[in-house]
Each structure stands twice: as structure tokens, then as C-alpha cells.
Asker: 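Before anything else, here's the structure in question.
Predicted model only: the values in this text are computed from it and were never measured. Below, read A as the first sequence line, B as the second, and so on, with proteins coming before strands; counting in each chain starts at 1.
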Amino acid sequence: MSKYTTIVCENGTVAVDDTLLVKGVCATAGSRMLEGFKPLFSAEAVTRLEQAGYTVKGKTAVGEFGLDLVGEFSYEAPQEGTLHGAAAAAVAEGDVRLALGVDMNGAPRRAAALEGIDFLKPTYGTVSRYGVISCAASGEQVGVYAKDAQGVAEAMAIIAGHDDKDGTSLPEASYTYDVDRPVAGMKVAVVKNLLDAADDAAKAKTEAYVQALRAAGVTVEEITVDAFAVANTAWQILMTAETCNNVSRYDGVKFGHRAANYKNIDELYVNSRTEGFNFLTKAVILYGSDVLSKNRYKDCYDKSLRVRRVISETMAKLFETYDALVMPACSKMSYESYDIHDAFKTVFDESVFTAVPNLIGTPALVSGGVQLTAKMYAESTLLSLAHAVEKEGK
Amino acid sequence: MKYELVIGLETHVELSTESKIFCSCGGHAAADEPNDCVCPACCGMPGMLPVMNKRVVELAVTAGLMLNCHINRYTTFDKKNYYYPDLPCAYQITQLNHPICTDGLVPVKTSEGTREIRIKQIHMEEDAGKLVHEGNHSYVDFNRTSVPLIEIVTQPDFRSAEEVVTYLAKLRSMFRSGGISECQEGAMRCDVNISVRPEGSEEFGVRTEIKNMSSFDAIERAIRYEAQRHMDALEFELEELVQETRRFDEVSGKTFAMRNKETEADYRYFPDANLMPIIIDDEWLEQIKANKPVAVDEKAEDYRAAGIAEKDIATLLSNHKIAKLLDDTVALGCDEKTAASWILTDCAGILRKDGKTFDDLAITPEKLATVIKLVEEGKINRGAGKKVLIAVVENDVDPIAFCKEQGLDRQVDASAIEAVIDRVIAENPRAIEDFKNGKVKAAQALFGACMRELKGAGDPAVIKSLLDAKLAEQ
Ligand SMILES: [Zn+2]
């Protein structure tokens, strides 16, 4: 597989997913629709890393608008056989010290789990979304891929903090990310129903991780949280609706792909978009358009907003008892390429592991092939737990 | 059959801000070239996020205060989806669920009287760009994209085109003087919802909407045409009215139905997750109220509505003491325009004669109101009223006591006046002769003599008509 869509600097220290902008470097978010689009500015997270001395090595391939499992349906870098996330592979193989990605529907978390590296989806509003090729504004966050929790923490300390250019950015000027808070005595819970939904390999990863946590003095209990399934449905409704709306600007009029043949404005729109988007994006657009339609809004979109509030409260309650939840990030530890016509349902089903943090804005950390989540702003808890396990493994 | 017009308005007003609503582009009105005034945000490039221009909120709240609206402390933005090349994101950011202002009231004064127009809501939104068609090609100009607008939606409370135009003129004048909007050509655009029903009916007729008109003249003509079309349809039953959107053609003066496609769209509104809800706390609201230039401007609008001349409005606005005297006098039951005339013409004259200014004016509103009422109720004539006013201004006398003293308040009945007229006619045979020979001036001289005899008592109009009748008998 080709990891990079563009190499910016061979000696660069950071890879940037193609859903984030780097000034003057073509960005397509994996879509033919954005063919030839050259941004006029860099994403805030990229700028902050550059100011801290990092240099961009290149843009890493993503699946069209980050909608697929790990990047298999990229216009520029389609994959065959065993699937990998490009940025996760770049970090795993040591091309770069770290990479930036956008977690909109779990793709970077799944990719990190498959490669055995770390990825943090931070608390919503802590990292600026300025310069993200945005799809689902209410739940996407810029996150960091790194070899370990220490690397994630270092990068987060640089990129997190308020940005005037993003109206959803929280007011805090900066945040602290600790990896060495004492974990002995912390209490975490394994989500049994998600464990049961995973295959033996994924289950074994989680179980091994639980052993390591216990060894570090963490109390581990087992719970069942029914809310995950409904949370996933709600997030898929919100995510597809917002994506449908946000990609509607790609119409062939201003930039990106324009069909060669059209007789009027309607044909220009229809032909450009028919040629420009892949089947998965089209399915997302149709689904999102449907849930926003007058007849369905109340029962779909509006209900999902209500579910979001209920799940927030449910999870907040759980986090009064547990410092973190432990669960798989995906149903298996290896994906094989598949037919794009099955993609919508495949991704929908797989997102049951990842949807809650997107839906309610809580942080989620993938490390050692498993996923840890905690309450809002509790990144240091997650990083310290992961760091404790990583130390033991070394 | 008599019909009643029922009209509701949606008015878009471009706000006078230095920059656009969600980006820092500014000065689109002065831009010479298409797309001079655009940035990645307002032309829809990915990666840019809308950032709320606080000034827009403040101007919208100020407009809401001017129109006596409830200011919603929690207000949010929604996205309205539709494809058009002048709309770069293929959605417009507007307010559907939590508009910034609701439930206002605007009194509109016309020749028919005053009607209170209820304001349903005011919401903030962004404008779209413009298409320029040349030959076979169309070009897009995004200069106007994301320029801030407020949309003011009324209840269907208007009953005539005159009321609509008066309301719009009032908005324009208030917004200009209040710094809300320049309201220049095209910066105030109207959609008119119109229906017609038999007079006395409580039910609404079939409603049509005439879109996007900006000149008052066009709005008035469009309403008149459309109302007639509705009435003819009801009366002759040759055309069936359907609820639809129409456009007004200024050349032919007619309205035409627009394509259904443009009217039946499902805009798939939903909340904009990029913009956090805006919370207007007490402190901010008080600050907006304090900065509101409207104390003065609303007054100007009131004075204008009362029919006071611009020159006098300027005097009233520049002299708080005089404005207060007028307000207090009106509060005592006097007509505003009449009271203004007594202050700005009569009092001013007396002061000028004595080499004084308004600063020296010491009359109380009670005494002024008493003088005005004596005249308005016909107890003394205006000439006598002036005499009383002079005495009040110069010596602060009690107006009623002064009238009694001077014999000005005599209730003079017609027979007393006739007796005086008879005496004057008898004493002036020469004038009668001149009058018979067609000298109009002679009649005036006789009228003057009667007035002198009556010493200011009696209504001059009555005296004149009685005198004319007597002269006709000669
Ligand atoms: Zn702009």
C-alpha cells in the first residue's frame, strides 16, 4: 500500500492525514471530488506542531472523507488484501514520530488498534478543528497517533488549547497531559457486551490488557452497558446528516472535480458529484439526507439529539464509579478488503465500539490494541493507565 | 361585495457591520470587482469554520428593542439546505428554532388611523452571493455572501398597501438613525404574503407570496395588483387561487407564478454544530441597551409619525427641556402636533419678542395644556388663546382666572353674535354700500369690526358664517 499521497519533506517528523490541511499541499480527503484542491492555510494543529519544531513529512492517505473502516476506500490509494491505516502504519514503521488524524467515526482508533500503536481522540473542543475537512462537526476531533502514551501526551500538550478561529473551541488556553499519575487503586470496568461482540483475537487482546492493568494495581470489574448500540445508531444518524450537509459544498462549481459534460447547472451538479464521490459517500449522503427530511426529522435526527443527551448522562453516571472503561476498538484484529457496496453496513456495525466518544465528546485512547474511555477532560487518566501497561510490557 | 386585505411581511435588512457575519471580510458594498471581498470561509472552502461576529448580535438585539420585541437570552443557528451556485456551501446559516427576538409590536399610523402590527420574530442569517449572466455563461460573485441580515417577520396584521409602505418607511428611518442599517438600494428586501377575504370574515383566504422586492413603489404596486387579482378571482370565479410563490414584474406591473420547484423544496433545516448557542446575559443586554442610540431616534420617529415638521423635530431633539415639556403636555391629553405648534411657534415667538430663548421658558405643562384645551374645546378662540399664553409666559398667571378677568371666556351664543353683527351693519352703511358694489374687502372690514366688538369671544368660523348670511340678505 502507498501510505503517502504527497511527500512534503523526506526528513519530516510528523505525518498528517489528508483530512487535515497543510498550506499549499493538495488535500483531497481521499475523494476525487477534491481533485487538485490546494488549501490556502494550514490546520491549527499542524501550525502548532510546526511552531514547536516539528516538520511535516507528508500527507497520509485516508478513505474518502474518513468514512470507512481504516482507509480502504481512498481515491488515491485504494487497498487490496489486508487493510491498514496509512498514518498508523507510518508511525508503527517508524517513518515519523507522530501523526495527526481526524476521528469522525472511529477510523484512526481502529487503524491504531490494528497496528498496535496509540491514538487519542481528545475531549471535544480541546483541539481546534480549524483546517479539518469537516464532515461531522458535532463529534469529530483532531487526534494524535504515536508509538506510546508518552508520545501522545507530548503532542497533545502542543496542539490542545483555545483557538479563536473555531467557534466550538473551549475557552481553556492550554491543557496538561500526564502519563505518570498513580494508577494503583483506580477502578475500571470492562464492557462485557462489547467484548462478546468481538472475535477471539480481539477478545484475547482485551483480556491480556485487563491482566496487565490488574498487575499495575488497578481494580477491574465487568459490566454490561446496553447504551452502546443505541448510541451508535444515534451517532450514525447525526454523522451521516452532518456529512451530507458538509459535503454538499463540493458541487463542481468552485473547486475540485467538475464533470466534463453538462448542459445546465443541474447536470453540472449531478454529473460532477456522481463522478466525484464513491459509493460509500453516496450512501452516507442518501442516509443523511433522509434523516433530515421533513417527514423523518423528528423521529430520526431530533430523537438522536435526545439520545445524545441521555447517553451523556448515563456515561457520566458510570464514570462516577469507574475511572475508565475498557473495551475493544474493533471486532477483529485484522480486516481484509471487501466490496464497497457492503461498506455502509460494515462500518455502521463496526462503529458500535467507537461511537460513544464521538457522540458525547468524551476522550478515547487506543493502546495495545484495546480502547480506554473516560469522562470529559480525563485524558491524563487514560494516558497514565496506558503508560503503566506499556511500562510493564517493556 | 366588500373585501378585506390581509398582509404579512418578511423583511430582510442588511446590517451595517464592518465585517461579514462569520468571517472577517469587510466592505463588500464598496468592492469594485466581483469576488474582491471574499475569503476561504465565505466562499465555502473546506477547513474554515464560521466564527460569530458579536456586532451582528448587538445590532439584531437593538433592532428588537426598537420594535418592542422580547429578546431571547438563548439563541441558536440552523442550516438551511439548497443548491444554488450563489450559495457556496449549499446551505445558508439562519435561525429557525431559537430566533433572537420574538413577539414585538410596531404602531403604524396612516390616514386610516393607527394599527399595531405584531412582529412574530426577528432572526439573524447570512446573505447569498450574486449571479451575473453574460451570453451563454453565468458568473458567480461572492462579495455579498455571508453579509449579515436580519429578517423581520410580522403577523398577518396589515390591511392595506398604505400600511405596508408606512411600516417599511418607519423601519427604514429607525434603522438608519439607529445605525442598524444604511438601508441603501437593495439592502432592504421584502417578501409579501397576501390574501383577501370578505369583509367581516374571520377566516383567511388563499395566500400567495410575492418574493424579493426592494422598492416601496414596487411593493405598493404589487400589493394592489395581487389584491385585485384575488378579489377578481373570488368575485368572478374564473380563476382558482392556489397557495403559491409569485414574483412581481416591474415593467408589466403584474405578478407571475414561480416554478413549483422553487417553492416546494424541503430545506432539511437542522442545528449548526459549528456555532455554539449564544447566551445573552443581563450584563450584555444592559450594555446593548445603554449603547442603543434609539432614545433619540425612536423619539424622532414618534415625532415624524405625529406629523411634526423635520425642522421642529431637530429643535425638539436638541433641547431636552422642550421635548419633555411636549411629552408632559401630551400626557395631559393634548394632541402632539398641536402642542408642538403651541410650543415651537407661539411660545418661541413670545420669547423672541422679549429677547429670550427656550432656556428662559418657565411655563408648566399643566398651564400650557389648559390654554390649549380652552382653545381646542372652543371656549375661547385662538387669538384669545394667544393672549392668555403671553400672560402665562410673561407673568405666570393662571390661565382660567385670566380668561375670567379679561372676559375672554364668555360663552357667546349665536343670538349675541347676531346682535353684534346687526349693530356693526347698522353702524357702517358705507361698507355695506361698497359690499353691494362687489368690494370683497368691505366684507373683511365688517368681519374685523365684529371681532373687535366681541373682544375675542366666540368662534371666528361661526361669526364669519353668520355675517355672510346677514350680508346676503342686504
Ligand atoms: Zn470572508
Asker: Considering only heavy atoms, which portion of B:Asn274 lies under 4.5 Å from any heavy atom of chain A: side chain, backbone, both, or neither?
Answerer: both
Asker: Just do the side chain to side chain contact (heavy atoms under 4.5 Å, CB included) check on A:Leu40 and B:Met48 with the steps written out, would you?
Answerer: CA-CA 10 Å; A:Leu40 300 166; B:Met48 289 298 287; over 6 Å; no
Asker: Report yes if some heavy atom in the side chain of B:Pro271 is under 4.5 Å from a heavy atom in the side chain of A:Tyr301; otherwise report no.
Answerer: yes
Asker: Have B:Arg268 and A:Asn245 got a donor and an acceptor in their side chains that come within less than 3.5 Å?
Answerer: no
Asker: Based on non-hydrogen pairs under 4.5 Å, which of A:Leu34, A:Val132, A:Val253 is most in contact with chain B?
Answerer: A:Val132
Asker: To the nearest 0.5 angstrom, please state how far the OG atom of A:Ser169 sits from the CG atom of B:Leu49.
Answerer: 10.0 Å
Asker: For A:Lys165, I'd like to know if atom NZ has over 12 heavy atoms of other residues, nucleotides or ligands within 6.0 Å.
Answerer: yes
Asker: Would you name the heavy atoms of A:Thr168 and B:Met276 that are closest together and state the gap between them?
Answerer: CG2-CE, 3.7 Å
Asker: Relative to chain A, which segment of B:Phe22 carries a heavy atom at a distance below 4.5 Å: side chain, backbone, both, or neither?
Answerer: neither
Asker: How about OH on B:Tyr84, more than 12 heavy atoms from neighbouring residues, nucleotides or ligands closer than 6.0 Å, or not?
Answerer: no
Asker: Please check if atom CG in A:Asn261 has more than 12 non-hydrogen atoms from other residues, nucleotides or ligands closer than 6.0 Å.
Answerer: no
Asker: Would you mind telling me which of B:Ala41, B:Ala90, B:Cys89 has the largest number of heavy-atom pairs within less than 4.5 Å of chain A?
Answerer: B:Cys89
Asker: Looking at chain B, which one of A:Ser138, A:Pro39, A:Ala29, A:Ser293 has the largest number of heavy-atom pairs inside 4.5 Å, strictly under?
Answerer: A:Ser293
Asker: Evaluate the side-chain proximity of B:Cys39 to A:Phe41: yes if any heavy-atom separation is below 4.5 Å, no if none is.
Answerer: no
Asker: Counting only heavy atoms closer than 4.5 Å, note whether A:Arg296 contacts chain B via side chain, backbone, both or neither.
Answerer: neither
Asker: Indicate the atoms forming the closest heavy-atom contact of A:Gly167 with B:Val51, along with that distance.
Answerer: N-CG2, 4.4 Å
Asker: Contact part of A:Asp302 toward chain B, heavy-atom cut-off under 4.5 Å: side chain, backbone, both or neither?
Answerer: neither
Asker: Tell me, for B:Pro40 versus chain A, whether the close heavy atoms (under 4.5 Å) come from the side chain, the backbone, both or neither.
Answerer: side chain
Asker: Please flag which part of A:Thr19 lies under 4.5 Å from any non-hydrogen atom of chain B: side chain, backbone, both or neither.
Answerer: neither
Asker: Should the heavy atoms of other residues, nucleotides or ligands under 6.0 Å from CZ of B:Arg207 be counted, would the total exceed 12?
Answerer: no
Asker: Would you mind checking which part of A:Leu20 comes under 4.5 Å of any heavy atom in chain B, side chain (CB onward), backbone (N, CA, C, O), both or neither?
Answerer: neither
Asker: Which bit of B:Cys23 comes within less than 4.5 Å of chain A, counting heavy atoms only: side chain, backbone, both or neither?
Answerer: neither
Asker: Can you give me the closest heavy-atom contact between A:Ala241 and B:Phe270, atom names plus distance?
Answerer: O-CZ, 4.3 Å
Asker: Side chain from CB out, backbone as N, CA, C, O: work out which of these in A:Phe255 comes under 4.5 Å of a heavy atom of chain B, or both, or neither.
Answerer: side chain
Asker: What class does the angle between the rings of A:Tyr269 and B:Tyr83 fall in, given that below 30° is parallel, 30 to 60° is tilted and above 60° is perpendicular?
Answerer: tilted
Asker: So, taking the atom named CG in B:Asp266 and the one named OG in A:Ser289, what distance separates them when rounded to the nearest 0.5 Å?
Answerer: 8.0 Å
Asker: Could you walk me through whether A:Arg249 and B:Tyr91 satisfy the side chain to side chain contact (heavy atoms under 4.5 Å, CB included) test, starting with their C-alpha distance in whole Å, then the side-chain angles of each, then the deciding distance to 0.1 Å, before giving a yes or no?
Answerer: CA-CA 8 Å; A:Arg249 74 187 64 198; B:Tyr91 59 81; 3.0 Å; yes
Asker: Given a strict heavy-atom distance threshold of 4.5 Å, which part of B:Met52 is in contact with chain A: side chain, backbone, both, or neither?
Answerer: neither
Asker: Verify, without hydrogens or angle tests, whether A:Lys254 (side chain) and B:Gly44 (backbone) share a donor-acceptor contact under 3.5 angstrom.
Answerer: no
Asker: Take atom NE2 in B:His133; do more than 12 heavy atoms of anything else shown fall under 6.0 Å from it?
Answerer: yes
Asker: Has A:Lys23 got more than 12 heavy atoms of other residues, nucleotides or ligands less than 6.0 Å from its NZ?
Answerer: no
